[in-house]
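First up is the structure itself, then whatever we jot down about it.
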Amino acid sequence: MALTREQIAMRVAQELEDGFYVNLGIGIPTLVANYIPDGVKVMLQSENGLLGMGQFPTEETIDPDLINAGKQTVTAVTGAAFFSSAESFAMIRGGHVDLTVLGAFEVDQEGNIASWMIPGKLVKGMGGAMDLVAGAENIIVTMTHANKHGVSKILKQCTLPLTGAKCIKRVITELALMEIKDGAFHLLERAPGVSVEEIKEKTEADLVIPDHVPEMQLN
Amino acid sequence: MALTREQIAMRVAQELEDGFYVNLGIGIPTLVANYIPDGVKVMLQSENGLLGMGQFPTEETIDPDLINAGKQTVTAVTGAAFFSSAESFAMIRGGHVDLTVLGAFEVDQEGNIASWMIPGKLVKGMGGAMDLVAGAENIIVTMTHANKHGVSKILKQCTLPLTGAKCIKRVITELALMEIKDGAFHLLERAPGVSVEEIKEKTEADLVIPDHVPEMQLN
Amino acid sequence: MSGFDKVVHSYEEALEGFTDNMTVMVGGFGLCGIPEGLIEQVYKMGSKGLTAISNNAGVDGFGLGKWLEKRQISTMIGSYVGENELFEKLLLSGEMEVILTPQGTLAEKIRAGGAGIPAFFTATGFGTQVAEGKETRNIDGRDYVLEPSLTADFALIKAWKADTMGNLIFNKTAMNFNPMMATAGKITVAEVEEIVEPGELDPNFIHTPGIYVQRVIKGENFEKRIEQRTVRS
Amino acid sequence: MSGFDKVVHSYEEALEGFTDNMTVMVGGFGLCGIPEGLIEQVYKMGSKGLTAISNNAGVDGFGLGKWLEKRQISTMIGSYVGENELFEKLLLSGEMEVILTPQGTLAEKIRAGGAGIPAFFTATGFGTQVAEGKETRNIDGRDYVLEPSLTADFALIKAWKADTMGNLIFNKTAMNFNPMMATAGKITVAEVEEIVEPGELDPNFIHTPGIYVQRVIKGENFEKRIEQRTVRS
């Protein structure tokens, strides 16, 4: 069975380590905050200028001056700090954020990522995504393996304008967890009940498949 | 009569305008603060991280955490702000300080200034001086016209390592107020009772002398 | 302190000298921390041919979205179009020039402009459209793009509190681009929620020292519209 | 918050992993805002071959002056020698390599190091010894020098208060180089006067967010020596 959005987030959350400063992008990455393992504490960075993002506010505590990078009203946890966008991206660009999780339209086996525009159709702007992929040592991309027509988004070479070049090492889709190295995707885990064959079929990129591909453990 | 240090400071103080943010270097420039004209308010910037430097403290209010760029204990005026050295030099380099007053060993008719080392003899380090001369639009150099042997320090070309190139426009010595333009010093004012001849004699640089050179008004 | 009293009492006075074809920075991230009254005043004035530097261009009908309506902006420098349909339309049609700039690079270009740094290298955008036509360089094994700084004729910013000397503090994430823009405007105008006397703001915790601020105006009616009202379930 | 408790309880622990030949930044301007206990500990350890980055090198017998005494520094990067006789002697004799760097350039190089900017242009030092051997460039009619950034294996800084998560605030001009150095050390150790619980420092007025700080130690005895005791007459 392909993973749900929540299950993708659950799998990503297993990558969190106690004491990590983490930036979660919009969409599935945001859901990761709901599945932080017991005993693990992380501080969430929001690139508009907040370290220590908390949960959504109540109707009573909503504050228009306190939003996240997705422009959602949020709260700040105990020990949080507010700062300017320049300071925020100094943190990101300077490699101080331990882990970044973000979505993508396409990734390829060179580690390139495309996530910010579809020429002639959609221009969202890159926002902070280019800075995040350039600044983080440790990036996880969450995305769907193929589009609704079954066309793979795990590619030999990205077709859309890039967000970053040679920066992605780890991708989690509804079907698989893959690592990019030496110019190929390496299949590390498959979604429970999903066959290696299906993953292979939906992957346009070169895919290195070890003898044994364990199923993800989602607890 | 050649000006005293205090009189040089008095003359410099006449250049202050209401609302100016001013950086005063160590030595004679520091004395300028004592002669700010009536009706003129200025805010003094100290490059270690203070905007709004006040007078020296009393024995009771002395605070080791509150010093100026000369490492002297000072106070802060109402409306002051403290900040980091990076922010302080962002102000300076970014041209936000209206006037800088600093000392020098030598200046020359190209607007070069030497103030931070005498090879083989004296190395004080440049501290913030190179930033100040590069950042300010408006710089006044206060210095003695010649050394104790009568050797001019107002030169065709500086002999000592430079602090800044082509950045000085105005020099006030114990003898004269001069402007540097078009590759020469222009004599604008002379100290009361000092002859144009004496200034000429003690100036190695090309000196443009107008028909009438007024005496400084020190009130 | 006469020379340091930066307070103006009308939006007209706040924007004196603001003309067509100027470059203007506008603080805010989305609709959070935007100088609402100053934006409205420029809208009223109908200034044209503006180069606007702002992370976003508001939403349809609010914030810089209003300048878009009147086609006041000829060049927009920002990082995010998002769900602003008119912005996207003007961009795709080419009616407005748009220079999309990564958010962190935008913030740093503005800081650099205010700090007298004319250009700096950054890894952000290397290998992407953003680097096209720009100098690149490999430094210690990594590839970087050279980015020039940004300054503006006017910076229109929003702060929480000001003293009359222009010292500013911001509130929470309404800070965003405002402090850097304050440093990069030839004339910086701060629209604030409250003006206090000098000395009331702790000098140890000033976000923007008054040296960067030329005019301060107390905002009349901050709407503080929320883009994504999200509450706990 | 286990993973975010940065407090260490001895200077040994604060400097764990500090070895000979490392690059170390030390906060402070003159003797104001220096991490006295951390400096003393490195002195006790006798580490050699250090590259020290600090605006000054203390005074004879105090602050970094003590490292000079033991010849612990092989390369000193700073802006000011001043009245430190031993510093001047080691410089003139060539016994210690000294890279004199303008104060603002030094501050910016450190900030850049922490912010992932590998190099930037500045007008400071153009046409002087400081620019020798460096790339220069005319941009829009002005001449600039390209300056590479600085980072360090350890940054030893002094703050006023920390919470246990490493959020820091500084006091008055004891801030100086400390915030930038906090960002530029692989391991940043903050020696502070007081440690408080998370939440006690106002999140709106944190000078250095905890993400930059790996270890926090409460200083035992700050001497806070004054270099130029000046009082009103």
Side-chain angles (χ1 to χ4, degrees), chain B residues 15-23 36-54 63 65-66 74-100 128 130-138 164 167, chain C residues 1-7 107-120 149-152 155 159 161-170 179-188 190 195-216:
Chain B
E15 305 287 309
L16 300 175
E17 294 178 25
D18 193 31
F20 261 20
Y21 294 95
V22 179
N23 184 294
I36 297 169
D38 286 347
V40 171
K41 301 280 184 188
V42 302
M43 286 285 273
L44 300 178
Q45 204 256 15
S46 189
E47 65 264 28
N48 53 317
L50 165 58
L51 186 68
M53 180 168 64
D63 181 348
D65 284 348
L66 179 40
V74 292
T75 57
V77 302
T78 299
F82 298 106
F83 34 80
S84 74
S85 304
E87 183 66 47
S88 183
F89 284 94
M91 276 175 204
I92 290 166
R93 206 190 304 102
H96 302 280
V97 175
D98 297 299
L99 176 66
T100 283
M130 285 194 181
D131 308 277
L132 283 160
V133 299
E137 259 305 291
N138 199 354
C167 52
Chain C
M1 302 197 80
S2 51
F4 294 99
D5 184 356
K6 317 257 175 105
V7 178
E108 191 68 14
K109 281 162 81 88
I110 297 166
R111 180 199 175 267
I117 303 291
F120 58 89
S149 64
L150 289 169
T151 56
K161 296 184 187 180
D163 67 22
T164 57
M165 297 173 76
N167 292 304
L168 307 179
I169 61 171
F170 303 93
M180 292 82 75
M181 288 182 174
T183 71
K186 282 193 201 80
I187 296 176
T188 292
I195 298 176
V196 301
E197 287 304 306
E200 289 190 40
L201 302 178
D202 185 338
N204 216 35
F205 299 103
I206 302 291
H207 290 129
T208 292
I211 194 171
Y212 295 121
V213 179
Q214 280 67 49
R215 302 173 193 170
V216 173

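Every heavy atom of this structure was used, including side-chain atoms; hydrogens, water molecules and symmetry mates were not. Lettering follows sequence order; numbering is per chain, from 1.
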Which atom of [X] lies closest to which atom of [Y], heavy atoms considered:
X	Y	result
C:Pro209	B:Met91	CG-CE, 3.5 Å
C:Pro203	B:Ala80	CB-O, 3.2 Å
C:Ile206	B:Ala81	CG1-CB, 3.7 Å
B:His96	C:Gly114	NE2-O, 2.8 Å

Legend entry - Straight-line distance of B:Met43 CE to C:Ile211 CD1, nearest 0.5 Å: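 Here the rounded value is 9.0 Å.
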Legend entry - Rounded distance (nearest 0.5 Å) linking atom CZ of B:Phe82 with atom CG of C:Asp202: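 Going from CZ on B:Phe82 over to CG on C:Asp202, the span is 8.5 Å.
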Inset, instruction - Using non-hydrogen atoms and a 4.5 Å limit, figure out which bit of C:Asn167 sits close to chain B: side chain, backbone, both or neither. - result: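 For C:Asn167, the side chain is the part near chain B, not the backbone.
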Inset, instruction - Test C:Phe4 against B:Tyr21 for side chain to side chain contact (heavy atoms under 4.5 Å, CB included), laying out the working first. - result: CA-CA 10 Å; C:Phe4 294 99; B:Tyr21 294 95; 3.5 Å; yes
Legend entry - Proximity breakdown for B:Val97 and chain C, heavy-atom pairs closer than 4.5 Å: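 Looking at B:Val97, backbone and side chain both touch chain C.
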Inset, instruction - Give, as side chain, backbone, both or neither, the part of B:Glu87 having an atom under 4.5 angstrom from any heavy atom of chain C. - result: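 Both backbone and side chain.
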Legend entry - B:Glu137 CD: over 12 foreign heavy atoms closer than 6.0 Å: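 Result for CD/B:Glu137: open.
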